[in-house]
Amino acid sequence: MADVLGFTARNPDAVMNYLHYHRADKTQYELECLRRANQIAVKGHLAAKNAFYNGASEFEIQQCYLLEIGQGENDVPYGNIVALNQNSAILHYTALEHTKPEQRLSFLIDAGANFHGYAADITRTYAFEKNRFYQLIVALNKVQLAIIEQMKPGVKYVDLHIATHEHIGQILVDFELATGTVEQLVVQGITSAFFPHGLGHMLGLQVHDMGGYAHDERGTHIAAPDAHPFLRCTRVLAANQVLTVEPGIYIIDSLLEQLSPSAKQMINWKTVDELRPFGGIRIEDNVIVHQNQVENMTREFGLVD
Ligand code: GLY
Ligand code: MN
Ligand code: MN
């Protein structure tokens with residue numbers, strides 16, 4: 001049809017570049033849709049947390065979540081990650097086991113909701129008992145809040161990602177997961193083995209919304225730094241942008257095994273062994289950058305820890 005009408009240039013780059021760049025600048029209507037999506041997802045997260053502490057299986061927790069938010073598997077913006085124990089170290093885990101594990105140690109849930117096509121993308125991690133893993137969650141939660149506090153117009157998202165690595169390096173030392181200086185732990189790729197994904201991404205109609213690498217409306221693309229290839233956003237923050245902030249710490253043997261011999265010597269394998277059955281931690285909130293403040297939609301709707 002387009003050909004019949006004489007359109008030869010469909011989706012011209014100039015148009016797409018302009019749209020992708022400006023999609024990061026949400027309208028008031030879009031911000032309200034994203035708030036509502038968060039409000040719905042938070043209800044589901046609270047129900048899922050309850051189900052975990054009451055002994056449910058992964059499959060049952062998923063059903064509790066979906067029932068609470070009134071959305072089916074095909075309505076939510078992405079396949080929920082509902083992981084008990086060591087499964088929480090599998091980054092895109094979607095198996096949903098029906099059997100309950102013999103021992104209940106930890107729970108990671110990355111689950112969203114949809115409002116008029118706009119997505120929420122929220123993660124929480126819980127420990128069944130108040131142990132060392134629980135303390136690690138508390139420490140990472142503090143880091144996540146400290147990073148969010150730094151979000152304001154003019155700040156480069158890449159700098160926040162790098163600052164997160166430094167915080168995680170300090171956590172590795174504090175929890176005796178590794179030895180050395182924070183700088184060594186970052187440079188030697190040790191923080192990347194424990195935190196292998198990006199700090200977060202733009203959020204909107206798409207979970208990983210467009211425009212994360214766009215630096216102007218002509219399409220100037222700034223890629224992620226070589227040392228951080230999985231970072232999905234290199235933009236300078238500006239008012240009305242909506243992003244996720246999702247630091248993580250995981251015990252992923254295949255990544256630890258790939259470290260250099262000198263880096264491996266800096267790992268405290270005894271602590272790694274102790275924490276391995278707990279899997280990993282991710283804490284993910286959805287925030288709006290305003291001119292003079294940052295609005296944490298996820299926490300403001302009541303998902304406080
Ligand atoms: N749930 C997908 C993500 O966190 O990016
Ligand atoms: Mn997520
Ligand atoms: Mn995300």
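All ligand and atom numbering here is 1-based and tracks the order in the structure. Quantities reported herein were computed from a predicted structural model and do not represent experimental measurements.
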*Asks:* Output, by chain and residue number, all protein N/O/S atoms separated from the Mn ion (ligand 3) by less than 2.8 Å.
*Replies:*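 Listed by chain and number, the atoms are Asp121 OD2, His201 NE2, Glu246 OE2, Glu284 OE2.
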*Asks:* Taking Asp305's backbone N and O only, do any of them form a donor-acceptor pair with Arg124's side chain (distance below 3.5 Å, no angle check)?
*Replies:*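 Judged by distance alone, yes, a pair lies under 3.5 Å.
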*Asks:* So does Ile90 get a backbone contact from the side chain of Tyr250, meaning a donor-acceptor N/O pair under 3.5 Å?
*Replies:*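 No, the answer is negative, given that no donor and acceptor are paired below the 3.5 Å cut-off.
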*Asks:* Does a side chain donor of either Gln135 or Asn131 reach within less than 3.5 Å of an acceptor in the other side chain?
*Replies:*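 Their side chains do not contain a donor-acceptor pair, so the 3.5 Å distance test is not met.
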*Asks:* Any non-hydrogen side-chain atom of Phe195 less than 4.5 Å from a side-chain atom of Thr164?
*Replies:*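 Yes; the side chains approach each other to less than 4.5 Å.
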*Asks:* Charged N to carboxylate O under 4.0 angstrom, Lys100 versus Glu58?
*Replies:*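 Looking at Glu58 together with Lys100, the answer is no, because their closest N to O distance does not fall below 4.0 Å.
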*Asks:* Enter the distance from His208:NE2 to Met202:CE here, rounded to the nearest 0.5 Å.
*Replies:*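 Between atom NE2 of His208 and atom CE of Met202 there are 12.5 Å.
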*Asks:* Any side-chain heavy atom of Glu246 within less than 4.5 Å of one from His201?
*Replies:*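 Yes - at least one pair of side-chain heavy atoms lies under 4.5 Å apart.
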*Asks:* Are Thr179 and Val173 side-chain neighbours, meaning at least one heavy-atom pair lies under 4.5 Å?
*Replies:*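 The answer is no, as the side chains (C-beta and beyond) never meet within the 4.5 Å cut-off.
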*Asks:* Which protein residues have a heavy atom closer than 4.0 Å to any atom of ligand 1, listed by chain and number?
*Replies:*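 Shell around ligand 1 (4.0 Å, heavy atoms): Tyr78, Asp110, Asp121, His201, His208, Glu246, Glu284.
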*Asks:* Is any side-chain N of the basic residue among Asp3 and Arg10 closer than 4.0 Å to the acidic one's carboxylate O?
*Replies:*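 Yes.
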